[in-house]
Undergrad: 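Take this structure, written in structure tokens, and hold onto it; I'll ask about it next.
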Amino acid sequence: MKNLKVYNTLVHKKELFHPLRKDRVGLYTCGPTVYNYAHIGNLRTYIFEDVLRRTLEYARYKVKHVMNITDVGHLTSDEDEGEDKLERAAEKEKRSVWDIAKFYTDAFLRDLVSLDIKRAHVLSPATKNIKEEIAIIQELFKKGYAYETSHAVYFNISKFKNYTKLSRQKLSEKITGAREEVVLDSEKRNPQDFALWFKRVGRFENHIMHWHSPWGDGFPGWHIECSAISTKYLGQPFDIHTGGVDHINVHHTNEIAQSEGAYGKPLARIWMHGEFLLINEAKMAKSAGSFYTLHTLTEKNFSPLAVRYLVLTAHYRSKLNFTWESLKAAQNSLERLYDFVRNIKGSTSTSSGTKNDIVRAKLRTYLEKYRNKFEKTIFDDLNTPKALAVVWELIREYNKNPKKFPAKEVLTLLYDFDKVLGLGLKNIQSEKIPKKILALVKRREKLRKDQKWEDADKIREEIQQLGYTLEDTSQGTKVRNLIIRNLRFPIPSLQGNPRSRAAGNSLRD
Ligand code: AMP
Ligand code: ZN
């Protein structure tokens, strides 16, 4: 095992990582609220979590990764105000709430595939864990942390010692649902109390998703699902819990209160948080309307993995401001990296054969230096920008004197680095364009010369159907393989179970 250090929000410093059980790591990452497409800000957080999981696996830990899917109970404000995000989307899109959940869950899973993000071993929607959510609330009643009003069941934060230990906020600084909630529910004891269960009364009288509970018909509050799902699959405590920084003050603070209140032991040992992706120096957010989805970017011919590369250029605990220039630069770097891999693949057989054993052993030691450097940076709280710098240092060194290095071993080293970076280096193939495609390109060029634009466009479409894209430049038409460029990606098939259409059949209950 390696000397992996990670920043733990709970203690505000980097700590040497030790798993609770030898060689095994329980990892819980808060999942998406499936009422809309994920934007690339959300995806930045999932990329950070993927790098974390890959780093743990690189360090030879056996990771069990669990993620929830929020398909009920997340209101338009994190502080229990407003409407249920899914029900609002269903109304707006004139579709059933179950269809909305299924549709956006599938879209999320496709985004994961395009970004080479490993899917959690357990992916479980809130609506499939109602029994477990109710059980924790009952436990909270037994321990005196929960109380019931005519509108809801709340967690009484004044009973829980050290409620704001994760955020270190003063209680008075906490934004509360006081404004609307107190007006709606005058029986609420403290403005900062948060809902564990909403009753199907008052503003939620017509709530579509609802279940029986000891407190009447209703639906769970947003935070309880993560307490229920994490403990169900990972036990309590488990090793690492993650999310975006916006979860520190509300969602994770409340998860801790619920789980620790119910079972009297810590929920997770380490809490890690990814910083925001910004746009025009402000948080990328759906509510502000200032966001891009992956689809918007791929339509502009950016590869999803260019987005991943861009995200890796910043440390996960630093803010990153999105600009088109930076995305273009990331795509260029990625293409240069792919070109390097393509070239070196071609030279694999020749350069290593000529060296004698002593020279080879020396070069291997030399390459180990790069491996050590890479590991040192990535094990230092996932320093991806420095890790990328090591990759480029190695490439520069190789390019200075390609004959000096055993190409095969350089490639092996890069593939190993890519186990953490996830830039799809192993999928890089030689970009030989089939004769059939070249013939179509020629035909299209002729049609363009004859100004038969519509026919030329039809051929472009045919070429695209076959997995290639065209770029008209001043030097002629360039053909590129879309699959190699990772602009096209397989769509995971998720057939909905008719009884629980909120999620695909690969999801767990
Ligand atoms: P949601 O689907 O709204 O529950 O958010 C999914 C994840 O994205 C959460 O972990 C959020 O903390 C995170 N997130 C939301 N906005 C951003 C952003 N602009 N940059 C990075 N992460 C974000
Ligand atoms: Zn959560």
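Read the numbers this way: they start at 1 and go in the same order the structure lists the ligands and their atoms.
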Undergrad: Quick check on side-chain hydrogen bond (donor to acceptor under 3.5 Å, both in side chains): which of His252, His241, His247 does His273 satisfy it with?
TA: His252
Undergrad: Atom 4 (O) of ligand 1: which protein heavy atom is closest, and how many Å away?
TA: Thr33 OG1, 3.2 Å
Undergrad: Tell me whether ligand 1 is touched by Tyr46 - counting only heavy atoms on the residue side and a distance under 4.0 Å.
TA: yes
Undergrad: Scan Lys161, Lys159, Lys165 and name whichever one has a salt bridge (charged side-chain N to carboxylate O under 4.0 Å, His left out) with Glu260.
TA: Lys165
Undergrad: Give a yes or no on whether a salt bridge exists between Asp106 and Arg110, defined as a side-chain N under 4.0 angstrom from a carboxylate O.
TA: no
Undergrad: Taking backbone and side chain together, does His223 place any N/O/S atom at a distance below 2.8 Å from the Zn ion (ligand 2)?
TA: no
Undergrad: Which atom name does Glu255 have for its N/O/S atom nearest to the Zn ion (ligand 2)?
TA: OE2
Undergrad: How far is atom 18 (C) of ligand 1 from its nearest protein heavy atom, and which residue and atom name does that atom have?
TA: Phe276 CD2, 3.5 Å
Undergrad: Salt-bridge test for Glu393 and Lys373: reply yes if a basic N is under 4.0 Å from a carboxylate O, no otherwise.
TA: yes
Undergrad: For atom 10 (O) of ligand 1, what's the nearest protein heavy-atom neighbour? Residue, atom name and distance, please.
TA: Gly244 N, 3.1 Å
Undergrad: May I ask you to check if any N/O/S atom from Cys30 comes under 2.8 Å of the Zn ion (ligand 2)?
TA: yes
Undergrad: Can you sort out which atoms of ligand 1 are near Glu275, meaning under 4.0 Å from one of its heavy atoms?
TA: 21 (C)
Undergrad: Which residue and atom name correspond to the protein heavy atom nearest atom 15 (C) of ligand 1, and how close is it?
TA: Asn42 ND2, 3.1 Å
Undergrad: May I ask you to list the atoms of ligand 1 that are less than 4.0 angstrom from any heavy atom of Pro32?
TA: 2 (O)
Undergrad: If I take every N, O or S atom of His252, is at least one of them less than 2.8 Å from the Zn ion (ligand 2)?
TA: no
Undergrad: Quick one: are Tyr233 and Tyr28 in side-chain contact, heavy atoms under 4.5 Å?
TA: no
Undergrad: Using 4.0 Å as the upper bound for N to carboxylate O, is an ion pair formed by Arg308 and Asp116?
TA: no
Undergrad: Please report the interatomic distance OH(Tyr415) to CD1(Ile428), rounded to the nearest 0.5 Å.
TA: 8.0 Å
Undergrad: Angle at the Zn ion (ligand 2): provide the value between NE2 of His251 and SG of Cys226, rounding to 10 degrees.
TA: 110°
Undergrad: Quick one: are the ring centres of Phe17 and Tyr61 less than 6.0 Å apart?
TA: yes
Undergrad: Do me a favour and list the nearest non-hydrogen protein atom to atom 19 (N) of ligand 1 with residue, atom name and distance?
TA: Met284 O, 2.8 Å
Undergrad: For ligand 1, which part of His247 has a heavy atom less than 4.0 Å away: the side chain, the backbone, both, or neither?
TA: side chain
Undergrad: Have a look at Asp246, Val311, Thr242, Thr45 and point out the one with the heavy atom closest to atom 11 (C) of ligand 1.
TA: Asp246
